[in-house]
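Residue numbering restarts at 1 for every chain, and letters A, B, ... go by the order of the sequence lines.
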Amino acid sequence: MPIHNSDIAEQFDEVADLLEIEGANAFRIRAYRNAARTLRDLAHSVAGMVRDDADLTELPGIGKDLAGKIETIVETGKFPQLEDLKKDVPEGLVDVLGIAGLGPKRVQKIHEELGVTDLEGLTKAAKEGRVRKLSGFGKKTEDNILHELETRGSGETRTQRREAEGRAEPLVDYLAGTKGVDKVVVAGSYRRRKETVGDLDILVTCTSDSPVVKRFVDYEDVRDVISKGETRSTVILKNGLQVDLRVVESASYGAALHYFTGSKAHNIHVRRMGQDQGLKINEYGVFRGDKRIAGKTEEEVYAQVGLPYIEPELREDRGEIEAARTGKLPELIELDDIRGNLHSHTKASDGANTLREMAAAAKERGWAYIAITDHSKAVRVANGLDEDRLAKQIDEIDAVNDELEGITLLKSIEVDILEDGGLDLPDSILKRLDLRICAVHSHFRLSRDKQTERVMQAMDNPCFTIMAHPTGRLIGTREAYAIDMERIIEHARQTGCILELNAQPERLDLNDAHCKMARDAGVKLSIGTDAHTTGQLDFMRYGIDQARRGWVTADDVVNTRSLKDLRKLVAR
DNA sequence: GCCGTTTTCGGCCCGACTGTTTTCAGTCG
């Protein structure tokens with residue numbers, strides 16, 4: 001059973017949690033968390049690196065000690081240090097640490113003085129009024145703990161970007177209407193365009209007498225007010241989403257925007273660079289001594305540490321600072337670069353619109369072409385096309401194209417990859433199409449090797465043009481099927497196949513790390529909306545967001561090309 | 001536990017808010 005990066009990352013995070021409760025050195029704890037993050041962000045398998053005898057200490061945040069621990073985990077499947085820690089610290093305390101307002105010190109105290117070892121014990125102790133009697137605790141703290149225990153959902157939840165937008169936009173409009181308010185902007189992972197957000201960070205600039213904080217906590221969608229100060233406030237919305245408000249004066253806008261956009265790792269890196277030059281960087285500006293020397297814009301902040309502006313989507317401390325320093329930042333793709341869409345459905349299978357309607361909607365968006373990719377017959381629930389129906393659709397598209405102006409329908413199909421790696425329709429009909437996108441819709445539970453080989457075999461068929469939603473994941477509801485993306489990307493490179501970045505907001509498949517990996521390998525991408533209605537063609541922007549997070553440029557994406565150039569690219 | 005264009009030892013980002021305290025520890029982002 002191969003060990004995945006995320007397995008090791010999880011164990012490192014668990015060690016960090018347990019060490020925290022033990023009261024270990026904070027920097028040692030951070031080292032484990034940093035290492036966990038490095039492993040999660042890594043596009044290739046660290047187990048593979050161990051197998052190849054690669055030097056793990058080359059990875060950021062991994063030194064001699066952690067490299068050794070990774071090797072032990074990969075080679076033996078065991079992590080003795082974690083086992084030992086679990087003997088010393090009850091595991092249930094990790095859940096207790098997850099309660100907002102309870103940090104390591106308080107958890108320790110609750111454990112030592114009240115004998116609490118898990119959430120159940122904590123609930124009992126709080127209900128019996130024993131928590132408030134501890135020194136440093138009080139009635140209010142106890143009430144907060146009980147409230148938190150009652151209202152918290154099941155574990156950690158992140159909100160999908162589209163849902164977050166639905167909450168953020170009206171709130172921004174509401175705040176912008178407040179007296180004295182100048183700018184209102186959503187920062188945080190929302191601005192970095194992550195596929196999901198943990199909370200919303202809203203930054204406001206306003207006059208000193210603006211009632212914006214009061215207006216914020218009075219917002220009708222607020223369920224709980226966690227804190228409310230002069231420059232900061234935190235609330236929980238009725239759907240459980242946390243929103244943080246930060247207020248700064250205009251002179252600090254850029255510094256605050258940079259700070260609250262993050263990521264934390266990116267900020268720490270930039271601050272350290274500032275420190276090396278005798279500068280202090282905080283949310284109010286860049287300071288030499290007590291004198292603020294920058295802060296009005298983000299560009300100013302970066303300039304002070306000798307860097308060009310870095311796009312928010314890149315700010316994950318995944319090499320963007322080095323790239324900026326050496327002038328190697330990618331010129332990220334933009335929505336305007338897109339010339340067409342290569343994944344769309346019609347009424348013929350499970351879409352809602354006709355060929356003409358889809359063509360008109362694509363033209364409205366300024367595109368030059370749209371590929372019609374209805375399902376093939378294996379997907380019965382979606383009324384997939386057999387050979388005869390596809391042949392009819394080919395004729396129909398030819399006829400419609402004769403009437404259309406300024407937009408071209410491309411003949412295509414989303415053909416199923418069968419369990420044995422064959423395609424669901426004969427080559428004879430597939431060859432009549434302009435391009436073919438190929439997809440896995442069944443047998444998700446094959447072993448990693450079998451799944452990988454199934455797809456690679458399909459890629460060997462010259463009819464294979466684009467791999468649709470390559471890992472099959474649905475954000476928050478279905479894990480990716482087991483597949484070795486390193487091998488898939490390498491095979492795509494060798495065969496000239498294209499990988500799709502599916503832009504459906506619950507798919508966004510490839511993820512950002514895989515986009516970068518494909519790009520680094522020189523494999524071309526297609527950003528496809530997978531639209532089942534004309535309106536879903538607007539999902540293109542989610543795909544662009546994800547691509548930008550993957551360092552993707554317009555040149556890396558086939559559907560930024562003119563129709564003529566696209567035809568050349570899809571011919572293998 | 002990591003890391004190094006002054007360093008292989010001694011640093012490690014920085015400020016706001018809450019609750020319980022009488023000047024601040026703990027927590028959070």
Side-chain angles (χ1 to χ4, degrees), chain A residues 12 15-16 19-21 23-38 56-70 81 96-110 131-145 147-148 187-190 197-203 213 217 225-236 242-248 252 255-256 258-287 301 305-306 317 325:
Chain A
F12 278 6
V15 167
L19 284 175
E20 213 170 346
I21 295 167
N25 179 303
F27 297 108
R28 188 170 160 228
I29 295 163
R30 189 200 278 172
Y32 277 97
R33 296 211 192 280
N34 285 343
R37 198 181 66 91
T38 292
L56 300 182
T57 66
E58 297 278 301
L59 300 172
I62 310 264
K64 211 173 155 194
D65 184 274
L66 290 180
K69 287 183 169 126
I70 293 170
Q81 190 203 7
V96 175
L97 187 64
I99 297 287
L102 291 185
K105 298 276 167 53
R106 284 178 176 160
V107 170
Q108 233 173 71
K109 192 152 198 158
I110 288 171
V131 173
R132 72 176 75 174
K133 292 190 182 128
L134 298 173
S135 79
F137 290 70
K139 179 169 186 321
K140 207 136 190 185
T141 307
E142 189 177 78
D143 287 347
N144 285 344
I145 289 171
H147 183 71
E148 177 72 14
S189 54
Y190 187 94
V197 300
D199 60 11
L200 292 177
D201 295 289
I202 299 186
L203 177 66
V213 177
V217 300
V225 177
I226 303 295
S227 72
K228 174 176 177 283
E230 283 181 20
T231 64
R232 268 178 88 145
S233 175
T234 297
V235 301
I236 307 290
Q242 178 171 319
V243 186
D244 296 326
L245 179 78
R246 334 272 181 147
V247 181
V248 298
S252 295
H258 179 254
Y259 179 62
F260 296 128
T261 296
S263 66
K264 192 172 170 176
H266 175 90
N267 286 351
I268 288 175
H269 198 150
V270 171
R271 282 184 180 197
R272 255 205 311 262
M273 289 179 71
Q275 227 179 16
D276 291 345
Q277 298 167 42
L279 303 173
K280 186 176 78 173
I281 302 176
N282 59 28
E283 56 265 57
Y284 301 110
V286 181
F287 296 85
V301 175
V305 293
D317 198 22
R325 196 163 48 205

Go through the steps for Arg232(A) and Asp244(A) under the test salt bridge (Lys or Arg N to Asp or Glu O under 4.0 Å), then give the verdict. CA-CA 7 Å; Arg232(A) 268 178 88 145; Asp244(A) 296 326; 5.9 Å; no

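Side-chain atoms of Arg246(A) lie closest to dG29(B) of the nucleotides dA16(B), dG29(B), dC12(B). Among the nucleotides dC12(B), dC2(B), dT20(B), the one closest to the side chain of Asp65(A) is dC2(B). Taking every side-chain heavy atom of Arg106(A) into account, dG26(B) is the closest of dG26(B), dG1(B), dG19(B). Comparing dC13(B), dG29(B), dT18(B) against the side chain of Lys228(A) picks out dT18(B) as the nearest. Candidate nucleotides dT18(B), dG29(B), dG19(B) were compared by shortest atom distance to the side chain of Ser227(A), and dT18(B) ranks first. When the nucleotides dG19(B), dT27(B), dG1(B) are ranked by their closest atom to the side chain of Asn144(A), dG19(B) comes out on top. In the set dG15(B), dT20(B), dG1(B), the nucleotide with an atom closest to the side chain of Arg232(A) is dG15(B).
Atoms CG (Leu102(A)) and C1' (dG19(B)) sit 13 Å apart, rounded to a whole Å. Between Arg272(A) atom CZ and dT6(B) atom P the separation is 16 Å, expressed in whole Å. In this structure, CG of Asp276(A) is placed 11 Å from P of dG4(B), rounded to the nearest angstrom. When the C1' atom of dT18(B) is taken as reference, atom CD of Glu148(A) falls 15 Å away, rounded to whole Å. Nucleotide dT8(B) holds its C1' atom 12 Å from the NZ atom of Lys64(A), rounded to whole Å. Atom-to-atom, NZ of Lys140(A) to P of dC17(B) comes out at 16 Å; the value is rounded to the nearest Å. Rounded to whole Å, atom C1' of dC13(B) lies 5 Å from atom CZ of Arg271(A). Rounded to whole Å, atom P of dG1(B) lies 15 Å from atom CZ of Arg30(A).
Counting non-hydrogen atoms under 4.0 angstrom, Gln242(A) reaches the backbone sugars and phosphates but no base. The residue Ile29(A) sits apart from the nucleic acid: no heavy atom pair falls under 4.0 Å. Residue contacts shown for Asn267(A) are absent, as no nucleic acid heavy atom lies under 4.0 Å away.
Atom OG1 in Thr141(A) sits 10.5 Å away from atom CZ in Arg132(A) (nearest 0.5 Å).
Partner assigned to dA25(B) is dT18(B), using Watson-Crick or G-U wobble distances below 3.5 angstrom.
In this structure, Lys105(A) reaches the dG26(B) phosphate: one of its side-chain N or O atoms is under 4.0 Å from OP1 or OP2. Residue Lys280(A) has a polar side-chain atom (N or O) positioned under 4.0 Å from OP1 or OP2 of dG15(B). For Gln275(A), a side-chain nitrogen or oxygen approaches OP1 or OP2 of dC14(B) to under 4.0 Å. For Thr141(A), a side-chain nitrogen or oxygen approaches OP1 or OP2 of dT20(B) to under 4.0 Å. Phosphate contact (OP1/OP2 of dC17(B), side-chain N/O of Thr234(A), threshold under 4.0 Å): absent. Dashed line: the shortest gap from a side-chain N or O of Arg28(A) to OP1 or OP2 of dG1(B) is under 4.0 Å. Between Lys69(A) and dG1(B), a side-chain N or O to OP1/OP2 separation shorter than 4.0 Å is present. OP1 or OP2 of dA16(B) sits under 4.0 Å from a side-chain N or O of Tyr284(A). Here Asn34(A) does not reach the OP1 or OP2 of dC2(B): none of its side-chain N or O atoms lies under 4.0 Å away.
Using P as the reference atom, dT8(B) and dC14(B) are 23 Å apart when rounded to the nearest Å. To the nearest whole angstrom, the two C1' atoms, one in dT18(B) and one in dG11(B), are 31 Å apart. Rounded to whole Å, the separation between the P atoms of dG26(B) and dT20(B) comes to 14 Å. On the P atoms, dC2(B) is 16 Å away from dC13(B), given to the nearest whole Å. Atom name C1', nucleotides dC9(B) and dA25(B): the rounded distance is 30 Å, in whole Å. Between dT22(B) and dC28(B), the two P atoms lie 22 Å apart (nearest whole Å). As rounded to the nearest Å, dG15(B) and dT5(B) have P atoms that lie 25 Å from one another.
Using a 4.0 Å cut-off between charged side-chain N and carboxylate O, Arg33(A) and Glu20(A) make a salt bridge. Asp276(A) and Arg272(A) are not joined by a salt bridge, as no carboxylate oxygen comes within less than 4.0 angstrom of a charged side-chain nitrogen.
A donor atom on one side chain and an acceptor atom on the other are not found under 3.5 Å apart for Asp317(A) and His266(A).
Mapped onto DNA chain B by nearest heavy atom, Ala67(A) and Asn282(A) fall at different nucleotides, with Ala67(A) at the one closer to the 5' end. Each of Phe137(A) and Val107(A) has a nearest nucleotide on DNA chain B; the 5'-most of these lies closest to Phe137(A).
Judged by the 6.0 Å distance and 45° axis criteria, Arg106(A) is positioned over the aromatic ring of Phe137(A).
Across all non-hydrogen atoms, the minimal contact from Leu66(A) to Gly61(A) is CD1-O, 3.9 Å.
No side-chain donor-acceptor contact under 3.5 Å links Asn34(A) to the backbone of Arg37(A).
If you check distances only, the side chain of Tyr259(A) never reaches the base of dG15(B) with a donor-acceptor pair under 3.5 Å.
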